[in-house]
Amino acid sequence: MPETSPVGGGASYAAAGVDIEAGDRAVELMKEWVKKATRPEVVGGLGGFAGLFDASVLKRYDRPLLASATDGVGTKVDIARRLGVYDTIGHDLVGMVVDDLVVCGAEPLFMTDYICVGKVYPERVAAIVKGIAEGCVLAGCALVGGETAEHPGLLGADDFDVAGAGTGVVEADRLLGAERIRPGDVAIAMESSGLHSNGYSLVRHVLFDRAGWSLDREVAEFGRTLGEELLEPTKIYALDCLALTRTAEVHAYSHITGGGLANNLARVIPDALHATIDRSTWTPDPVFDVVGRAGSVERAELEKTLNMGVGMIAIVPRESVDVALTTLADRGVDAWVAGEITERGDRAEAVTLTGDYAS
């Protein structure tokens, strides 16, 4: 028979480090934010075992294709933890997920989230969910549920991570992608809001480990502190891209995330075609130059890690360029013609970056 401890009484979940009451308190605090991130198709409220979404909305489609995406925000969570600012990291999570969905032309319908913490601090968890809910509102999708997991002994009390999954829908005959792209198409770049949520392992290594900078350092190039710059939320393009597909002919999108512009754009370029992107058509935000100089990082390394100022690319036929640029401008999106599509010929690579960035 197993021995029992002669002192301290029996074991308990709380003694193991899991605080169920704190988790319940976090749920109560987040409810007001989740209510804001809804759609008419959402059935029920927060607290069930599963989120419900009325799929009868799909009846209006002739052949609906469901799209699914999942992602996190990587080591950017370390910046939020250090600064004690938790209500923006959710924007990054939503942007990483829904803008992957919209690349194929899908309208984001709903998301779920997963928050893993070393210790549940209800106000902190609620702040994270607040950011996620606000991001869902910006993307036009619903937050139908999620999970908060407490992992004492595996994570420190202040450590956390976030992940999310989203579902969208697109009409089959309106599916966007490489098969639509033709020679003569034009690449329209949409400006990023900064680093977004990729490359933070490099950024942290350069600015913290090598340069020895602190998050409260005032950086003249940014006009604010280093921490404020690094925590700038990811721009969410979903509604802008959906609006663009309604007003102009769009052949494909590319979401510029980890791997940089060339590698992500290559994912939607057909084998027989080639995209040439002209760097001289834009000036990257100062943060990219600062990271490069502080760590003596070569341009090729920066470009294969960071977005370099472009968060989304739209591939459109040349005759759609003017209406596309007007649509995006009307929505407050800074966009420009950055390149074109040609026959690949004997070139091995799908994408070439040419010229130098404008100063």
Side-chain angles (χ1 to χ4, degrees), residues 71-80 88-89 91-93 95-97 99-100 103 187-211 213 215 217 219 221-237 253-268 275-314 333-336 338-339 349-359:
D71 211 336
V73 300
T75 58
K76 190 170 184 177
V77 297
D78 181 58
I79 310 300
T88 63
I89 203 77
H91 288 229
D92 298 283
L93 178 63
M96 291 297 102
V97 173
D99 288 339
D100 277 355
V103 160
I188 293 178
M190 302 181 211
E191 185 180 41
S192 70
S193 57
L195 294 169
H196 282 185
S197 196
N198 303 107
Y200 274 75
S201 293
L202 172 64
V203 171
R204 289 165 54 248
H205 171 67
V206 166
L207 298 181
F208 302 156
D209 300 337
R210 297 192 60 168
W213 289 8
L215 288 170
R217 178 190 180 106
V219 182
E221 293 91 335
F222 305 156
R224 55 183 174 176
T225 66
L226 175 63
E228 289 170 329
E229 178 68 28
L230 296 186
L231 209 56
E232 178 68 32
T234 298
K235 182 171 178 57
I236 298 173
Y237 300 94
Y253 288 114
S254 177
H255 186 197
I256 312 305
T257 58
L261 194 158
N263 287 337
N264 281 286
L265 182 54
R267 296 166 65 180
V268 298
T276 300
I277 302 296
D278 184 358
R279 298 184 186 95
S280 70
T281 59
W282 81 95
T283 303
D285 284 349
V287 66
F288 301 102
D289 182 58
V290 167
V291 171
R293 288 189 288 107
S296 299
V297 185
E298 295 183 358
R299 185 170 71 179
E301 184 68 21
L302 287 174
E303 290 181 338
K304 74 177 185 181
T305 308
L306 307 177
N307 68 59
M308 300 305 292
V310 177
M312 184 74 76
I313 293 279
V333 179
D334 189 1
W336 63 94
E349 70 281 356
V351 178
T352 299
L353 302 182
T354 64
D356 292 320
Y357 296 111
S359 57

What is the distance from atom [atom1] of [X] to atom [atom2] of [Y], rounded to the nearest 0.5 Å?
X      : Y      : atom1 : atom2 : value
Asp92  : Glu232 : CG    : CD    : 9.0 Å
Leu231 : Leu215 : CG    : CG    : 9.0 Å
Asn307 : Leu302 : CG    : CG    : 11.0 Å
Thr283 : Asp356 : OG1   : CG    : 11.5 Å
Ser192 : Asp334 : OG    : CG    : 10.0 Å
Ile313 : Met190 : CD1   : CE    : 8.0 Å

Would you find a donor on one side and an acceptor on the other, under 3.5 Å apart, between the side chain of [X] and the backbone of [Y]?
X      : Y      : result
Asp99  : Tyr237 : yes
Ser193 : Pro233 : yes
Glu301 : Glu298 : no
Asp285 : Val287 : no
Thr75  : Asp78  : no
Asn198 : Thr305 : no

Heavy-atom check, side chain of [X] versus side chain of [Y], under 4.5 Å:
X      : Y      : result
Tyr200 : Leu195 : yes
Thr257 : Met96  : yes
Thr88  : Lys76  : no
Val219 : Glu229 : no

For the residue pair [X] and [Y], what are the closest heavy atoms and their distance?
X      : Y      : answer
Pro286 : Glu221 : CG-O, 3.6 Å
Leu265 : Ala275 : CD2-CB, 3.9 Å
Val291 : Val206 : O-CG1, 3.5 Å
Met308 : Phe288 : N-CE2, 3.4 Å
Ala294 : Ala211 : CB-CB, 4.4 Å
Ala314 : Tyr253 : CB-CE2, 3.6 Å

Mind checking side-chain contact (heavy atoms from CB on, under 4.5 Å) for Arg267 and listing every partner two or more places apart, or none if nothing turns up?
-> Asn264
Determine, stepwise, if the pair Leu230 / Phe222 fulfils side chain to side chain contact (heavy atoms under 4.5 Å, CB included).
-> CA-CA 10 Å; Leu230 296 186; Phe222 305 156; 5.9 Å; no
List the steps, then state whether side chain to side chain contact (heavy atoms under 4.5 Å, CB included) holds for Val297 with His205.
-> CA-CA 11 Å; Val297 185; His205 171 67; over 6 Å; no
Any residue meeting ring pair (Phe, Tyr, Trp, His ring centres under 6.0 Å) with Trp336, in chain and number order, not counting sequence neighbours | Trp282
